[in-house]
K.L.:
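Before I ask anything, let me first share the structure, which is written out below as structure tokens.
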Protein chains: 2
Amino acid sequence: MALEHDRLLDETGWEILELLQQDARVPFSELGRKVGLSAPAVAERVRRMEDAGIITGYRAQVNLQALGYAMTAIIRLSSPAEKCTLAGHKLAELPEVLEAHRVTGEDSWVVRVAVRSVEHLERLINQINLYGDSNTAIVLSSAVTQRVISKPKEQATTPRR
Amino acid sequence: MALEHDRLLDETGWEILELLQQDARVPFSELGRKVGLSAPAVAERVRRMEDAGIITGYRAQVNLQALGYAMTAIIRLSSPAEKCTLAGHKLAELPEVLEAHRVTGEDSWVVRVAVRSVEHLERLINQINLYGDSNTAIVLSSAVTQRVISKPKEQATTPRR
DNA sequence: GGTGAAACGCGCTATTC
DNA sequence: GAATAGCGCGTTTCACC
């Protein structure tokens, strides 16, 4: 498995991966031109990266504001231990929840949500408070929303060969 | 602008949007079949949604672990007011930063990061600490990583017609 | 703003190296 | 594991509504 990854993730593999993260709809033929491979070769590599679980999907990115979601917020939730798993299930069901991460530390979950209005946020917080104490921070702006993952720099701590 | 959105975001528009969020690579012809439109009609709608800023891009999703990033974490950063903007620029430059949100409340920034190891995390925290006090929570699991945005339910607070 | 037909270009597969 | 060639299909453009 790790061997398979190493074979796929050579210089060209990373190039393909970065290009697909920037624009998931680029034709294989164009990818091939950019990385110096034929279209079928690129298609084959991409298929193998999908099979290996390296590429997990292709998503259209949408503008939340344009879709009527006026604001996003970060909600931290501290659940008592026995409610924590249940809280996870509930969070996964709420359509406002964009991400929900179970974390170490004082909080149980860190959640990013999108809401249409302050009133909507209030109702959502009321729902979430059923599972513990929450702390909400409104997002004012975002310096980074979705980074393209590129090849990790080699480190002395992870020697090769 | 809002009028343009309303025209684009009818029942069919939302269907297309949801399908593209699930799989950005579906052919227009298949989209057309699913929503009951011809391929050129779908292509035209998608182009207009892109122009209107509703669709902001198409991204391949990758598996961070498969790419050598063993863990993710949520770092909250409290910067003194005068360093806050500078911190934002710095966060945007760090390749480990997946998202960085400026927020209200006691913290200045909430940041999600991906690192290869605990040592890597330590170095990153050292970098970030130059801009204020930080609090790091390791992500143990994620109940939701990327929700498909669907049509907001109509509310009494936003009357139509 | 949508349809249907035609031209073009892309993706898929088989074959070869 | 990649290149090349042929075929089927998707995309694009256009006239028409």
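Every chain is numbered from 1 and lettered A, B, ... according to where its sequence line falls, protein lines coming before strand lines.
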K.L.:
Tell me the closest heavy-atom pair linking A/R45 and A/L8, and the distance in Å.
P.N.:
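Heavy atoms only, the tightest pair is NH1-O, 3.6 Å.
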K.L.:
Return yes when atom CD of B/Q65 has more than 12 non-hydrogen atoms of other residues, nucleotides or ligands closer than 6.0 Å, and no otherwise.
P.N.:
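Counting neighbours around CD of B/Q65, 12 or fewer heavy atoms of other residues, nucleotides or ligands fall under 6.0 Å, so no.
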K.L.:
Rounding to a whole Å, what distance do you find between B/L8:CG and C/dG2:C1'?
P.N.:
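For the pair B/L8 CG and C/dG2 C1', the rounded distance is 14 Å.
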K.L.:
Step by step, would you call B/E99 with A/R147 a salt bridge (charged side-chain N to carboxylate O under 4.0 Å, His left out)?
P.N.:
CA-CA 7 Å; B/E99 310 170 41; A/R147 169 88 70 210; over 6 Å; no
K.L.:
How bent is the helix from C/dG1-D/dC17 to C/dC17-D/dG1, comparing axes over its five end pairs at each side, to the nearest 10°?
P.N.:
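Between the axes fitted at each end of the helix from C/dG1-D/dC17 to C/dC17-D/dG1 lies an angle of 30°.
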K.L.:
To the side chain of A/R48, which of D/dA2, D/dG10, C/dG2 is closest?
P.N.:
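Out of D/dA2, D/dG10, C/dG2, the nucleotide with an atom closest to A/R48's side chain is D/dA2.
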K.L.:
Mind calculating the distance between CZ (A/R47) and P (C/dG11) to the nearest angstrom?
P.N.:
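Result: 16 Å.
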K.L.:
Does the pair A/N63 and A/L67 meet the rule for a side chain to side chain contact (heavy atoms under 4.5 Å, CB included), with working shown?
P.N.:
CA-CA 7 Å; A/N63 179 341; A/L67 294 180; 5.9 Å; no
K.L.:
B/I128 and B/V118: same hydrophobic cluster, using ILVMFWY side-chain contacts below 4.5 Å?
P.N.:
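Linked, B/I128 and B/V118 end up in one cluster.
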K.L.:
Give the minimum heavy-atom separation between A/L140 and B/T104, together with the two atoms involved.
P.N.:
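Shortest heavy-atom separation between A/L140 and B/T104 comes out as CD2-CG2, 3.6 Å.
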K.L.:
Anything under 3.5 Å between a donor and an acceptor, one on a side chain of residues 72-95 of chain A, the other on a protein residue two or more places apart or in another chain? List them.
P.N.:
| from | atom 1 | to | atom 2 | distance (Å) |
| --- | --- | --- | --- | --- |
| A/R76 | NH1 | A/D107 | OD2 | 2.9 |
| A/S78 | OG | A/E106 | O | 3.4 |
| A/S78 | OG | A/D107 | OD1 | 3.2 |
| A/S79 | OG | A/Y131 | O | 2.6 |
| A/K83 | NZ | A/L130 | O | 3.2 |
| A/K90 | NZ | A/Q127 | OE1 | 3.4 |

K.L.:
Quickly work out the B/D51 CG to C/dG1 P distance and round it to whole Å.
P.N.:
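These atoms are roughly 13 Å apart.
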K.L.:
Indicate, with yes or no, if A/M71 and A/V111 share a hydrophobic cluster defined by side-chain heavy-atom contacts under 4.5 Å among Ile, Leu, Val, Met, Phe, Trp and Tyr.
P.N.:
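Yes, A/V111 and A/M71 fall within the same hydrophobic cluster.
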K.L.:
In this structure, how many angstroms lie between the P atom of D/dG10 and the NZ atom of B/K34, rounded?
P.N.:
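From B/K34 NZ to D/dG10 P: 12 Å.
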K.L.:
In whole angstroms, how far is the P atom of C/dT13 from the CD atom of A/E44?
P.N.:
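Answer to the nearest Å: 10 Å.
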K.L.:
Are any side-chain N or O atoms of B/S117 and backbone N or O atoms of B/H120, one a donor and one an acceptor, separated by less than 3.5 Å?
P.N.:
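At least one qualifying donor-acceptor pair exists.
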K.L.:
In whole angstrom, what separates A/L31's CG from C/dC12's P?
P.N.:
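Going from A/L31 (CG) to C/dC12 (P), I get 12 Å.
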K.L.:
Which pairs, with at least one residue in residues 11-25 of chain A and sequence neighbours excluded, count as a side-chain hydrogen bond (donor to acceptor under 3.5 Å, both in side chains)?
P.N.:
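Non-adjacent pairs meeting side-chain hydrogen bond (donor to acceptor under 3.5 Å, both in side chains): zero.
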K.L.:
Polar atoms only, N or O, under 3.5 Å: list the protein pairs with nucleotides 15-17 of chain D and their distances.
P.N.:
none

K.L.:
Please check: side-chain N/O of B/R59 versus main-chain N/O of A/Q146, any donor-acceptor pairing under 3.5 Å?
P.N.:
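Pair found, side chain donor or acceptor close to backbone of A/Q146.
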K.L.:
Would you jot down, in residue-number order, the residues of residues 14-29 of chain B having a non-hydrogen atom under 4.0 Å from DNA chain C?
P.N.:
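Heavy-atom cutoff 4.0 Å gives no residues at all.
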K.L.:
According to a hydrophobic-cluster definition based on side-chain heavy atoms being under 4.5 Å apart (Ile, Leu, Val, Met, Phe, Trp, Tyr only), do B/V26 and A/V62 belong together?
P.N.:
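In one cluster with B/V26: A/V62, yes.
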K.L.:
Just N and O in the side chain of A/R45: are any of them under 4.0 Å from OP1 or OP2 of D/dG1?
P.N.:
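So the side chain of A/R45 is outside the cut-off, no N or O lying under 4.0 Å from OP1 or OP2 of D/dG1.
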K.L.:
Which pairs, protein N/O on one side and nucleotides 3-5 of chain C N/O on the other, fall under 3.5 Å?
P.N.:
| from | atom 1 | to | atom 2 | distance (Å) |
| --- | --- | --- | --- | --- |
| C/dT3 | OP2 | B/S38 | N | 3.0 |
| C/dT3 | OP2 | B/S38 | OG | 2.7 |

K.L.:
For B/D133, does the CG atom have more than 12 heavy-atom neighbours from other residues, nucleotides or ligands under 6.0 Å away?
P.N.:
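Counting other residues, nucleotides and ligands, CG of B/D133 stays at 12 neighbours or fewer.
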